[in-house]
Asker: 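Before I ask anything, here is the structure I am working with.
The figures here come from the full heavy-atom set of this structure, side chains too, leaving out hydrogens, waters and symmetry mates.
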Amino acid sequence: MKTLNDVVVERLYKFMDDDMTQYKLAQASGIPFATIKSIMQRRTKGISLKTVILLANGLGVTPSEFMDDRAFYAENLDLGN
């Protein structure tokens, strides 16, 4: 099973094109570059809904578009009860 962080990173790679660097995503989303880097390196332990919303906004998609993947279903995630 994947962690929420794993799924978020996969979705980021899906939506980031060649012009969207981690630095540009940080600028567009308002999330500090160090946080983006930590997320992409899978060092972040818990990603908040606020962060997902800001990431989606920075990518120019809605949160529902960003999360429109079966990988986000609870049964597919290691939620670390």
Asker: List the residues meeting side chain to side chain donor-acceptor pair (under 3.5 Å) with Arg43, not counting sequence neighbours, and say none if there are none.
Answerer: Gln41

Asker: Holding to side chain to side chain donor-acceptor pair (under 3.5 Å), I want the full list of residues that pass it with Thr62, two or more places apart in sequence or in another chain.
Answerer: Ser64, Glu65

Asker: For the atom pair CD1 (Ile39) and CD1 (Ile47), what is the distance rounded to the nearest 0.5 Å?
Answerer: 4.5 Å

Asker: State which residues pass side chain to side chain contact (heavy atoms under 4.5 Å, CB included) with Lys45; sequence neighbours excluded, sorted by chain then number.
Answerer: none

Asker: Just grab all the side chain to side chain donor-acceptor pair (under 3.5 Å) pairs involving residues 30-39, residues at least two apart or on different chains.
Answerer: Ser38-Thr44

Asker: Once rounded to the nearest 0.5 Å, what's the spacing between atom OG1 of Thr3 and atom CZ of Arg42?
Answerer: 7.5 Å

Asker: Nearest 0.5 angstrom please: Asp78 CG to Asp6 CG, how far?
Answerer: 9.0 Å

Asker: Mind listing the side-chain donor-acceptor pairs of residues 23-34 below 3.5 Å, one per line with the distance, residues two or more places apart or on another chain?
Answerer:
unit_1	atom_1	unit_2	atom_2	d
Tyr23	OH	Gln27	NE2	3.3
Lys24	NZ	Asp19	O	3.1
Ser29	OG	Leu25	O	2.7
Ser29	OG	Ile31	N	3.2

Asker: For Tyr73, what are the other residues in its hydrophobic cluster, where any two members join if their side-chain heavy atoms are less than 4.5 angstrom apart?
Answerer: none

Asker: Can you tell which of Leu54, Leu12, Asp17 makes a side-chain contact (heavy atoms from CB on, under 4.5 Å) with Leu59?
Answerer: Leu12

Asker: According to salt bridge (charged side-chain N to carboxylate O under 4.0 Å, His left out), who are the partners of Asp68, at least two apart in sequence or on a separate chain?
Answerer: none

Asker: ring-ring contact (aromatic ring centres under 6.0 Å, His included): which pairs involve residues 43-72, sequence neighbours left out?
Answerer: Phe15-Phe66

Asker: Could you pull out all residues at least two apart from Asn76 that satisfy side chain to side chain donor-acceptor pair (under 3.5 Å)?
Answerer: none

Asker: Just to verify, what does Glu10 make a side chain to side chain donor-acceptor pair (under 3.5 Å) with, not counting sequence neighbours?
Answerer: Lys2

Asker: Taking all non-hydrogen atoms of both residues into account, name the closest pair between Met1 and Leu77 and its distance.
Answerer: SD-O, 3.5 Å

Asker: Give the other cluster members for Leu49, using side-chain heavy-atom distances under 4.5 Å between Ile, Leu, Val, Met, Phe, Trp and Tyr residues; answer none if it is isolated.
Answerer: Ile53

